[in-house]
Amino acid sequence: QEPKEGHDEL
Amino acid sequence: MNVFRILGDVSHLLAMIILLLKIWRSKSCAGISGKSQILFALVFTTRYLDLLTNFISIYNTVMKIIFLACSYTTVYMIYGKYRNTFDSENDSFRLEFLLVPVTGLSFLENYNFTPLEILWTFSIYLESVAILPQLFMISKTGEAETITTHYLFFLGLYRTLYLANWIWRYHTESFYDQIAVVSGVVQTIFYCDFFYLYVTKVLKGKKLSLP
């Protein structure tokens, strides 16, 4: 599935 | 944000600072693969385009800007300021062998067929193989300066801590980013051989040299 609200990891 | 993630980010930052300090203090980038550093700059550039479109947190924004700055400074040191010391002869990995499959795969396997998402996916796949020119260079010359091995150790430690972070997030938040996890596992595997040499040689005070 697609991570919500963009990608929060660096 | 869990402890593995924070420690992973700190290790990543430390790796980049160690590399910059090595170049800065020795005024030399001998033994460093400029190609790997160009790939890392490309990784950060394509991944952090969301700085312009999506705000996540102050921490996220600041770290992204620091990573970009460190990465471009390193590339400038190698190809600009200290280019006389750069060992281009041994930095002979063919980048197209990485860039072509990574580009193809990011178009085929992504979360959303949009430019930003494809570039993000490209950056994730590229990061997993970006260290290969550096490892190739070490295997070609048969040795690495101890400080270079510390750089690689912290880079590998960052990857390992991110794996722990994903396991943690999977259990606590049911968060699971398949593309990042699969690429992350692949990337960490590349460091295993190096970790072995690091522990058996460098930590015992010997120089890393291959037979």
Side-chain angles (χ1 to χ4, degrees), chain A, chain B residues 1-2 4-6 8-13 16 43-44 46-57 59-68 70-71 110-114 116-117 119-121 123-124 127 158-159 161-163 165-166 169 173-181 183-184:
Chain A
Q1 75 285 19
E2 183 188 333
K4 285 175 208 145
E5 307 288 327
H7 307 284
D8 67 341
E9 291 181 340
L10 298 167
Chain B
M1 187 81 84
N2 58 66
F4 303 113
R5 164 72 197 279
I6 286 279
D9 288 347
V10 169
S11 300
H12 198 178
L13 187 60
M16 289 193 280
V43 163
F44 292 135
T46 50
R47 186 175 308 165
Y48 297 162
L49 286 172
D50 66 351
L51 273 174
L52 307 169
T53 61
N54 196 6
F55 178 78
I56 292 163
S57 65
Y59 171 81
N60 194 280
T61 302
V62 170
M63 289 298 270
K64 282 176 175 171
I65 292 170
I66 294 174
F67 282 11
L68 279 167
C70 284
S71 177
N110 51 53
Y111 292 128
N112 250 324
F113 203 77
T114 58
L116 270 187
E117 265 306 303
L119 286 169
W120 176 85
T121 313
S123 83
I124 295 289
E127 187 187 352
Y158 140 66
R159 293 315 314 177
L161 286 164
Y162 255 64
L163 294 187
N165 160 53
W166 289 323
R169 290 190 75 176
E173 307 167 39
S174 299
F175 171 90
Y176 175 55
D177 183 336
Q178 194 180 333
I179 288 179
V181 171
S183 312

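So you know, we letter chains A, B, ... as the sequences are listed, proteins then strands, and number each from 1.
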Tell me, please, which residues at least two apart from B/Y158 pass side-chain hydrogen bond (donor to acceptor under 3.5 Å, both in side chains). B/E127
At what distance, to the nearest 0.5 angstrom, does CZ of B/R169 lie from CG of A/D8? 4.0 Å
Turns out that what part of B/D50 lies under 4.5 Å from chain A's heavy atoms comes down to side chain
Any side-chain heavy atom of B/Y162 sitting closer than 4.5 Å to one from A/L10? yes
Report yes if some heavy atom in the side chain of B/D177 is under 4.5 Å from a heavy atom in the side chain of A/H7; otherwise report no. yes
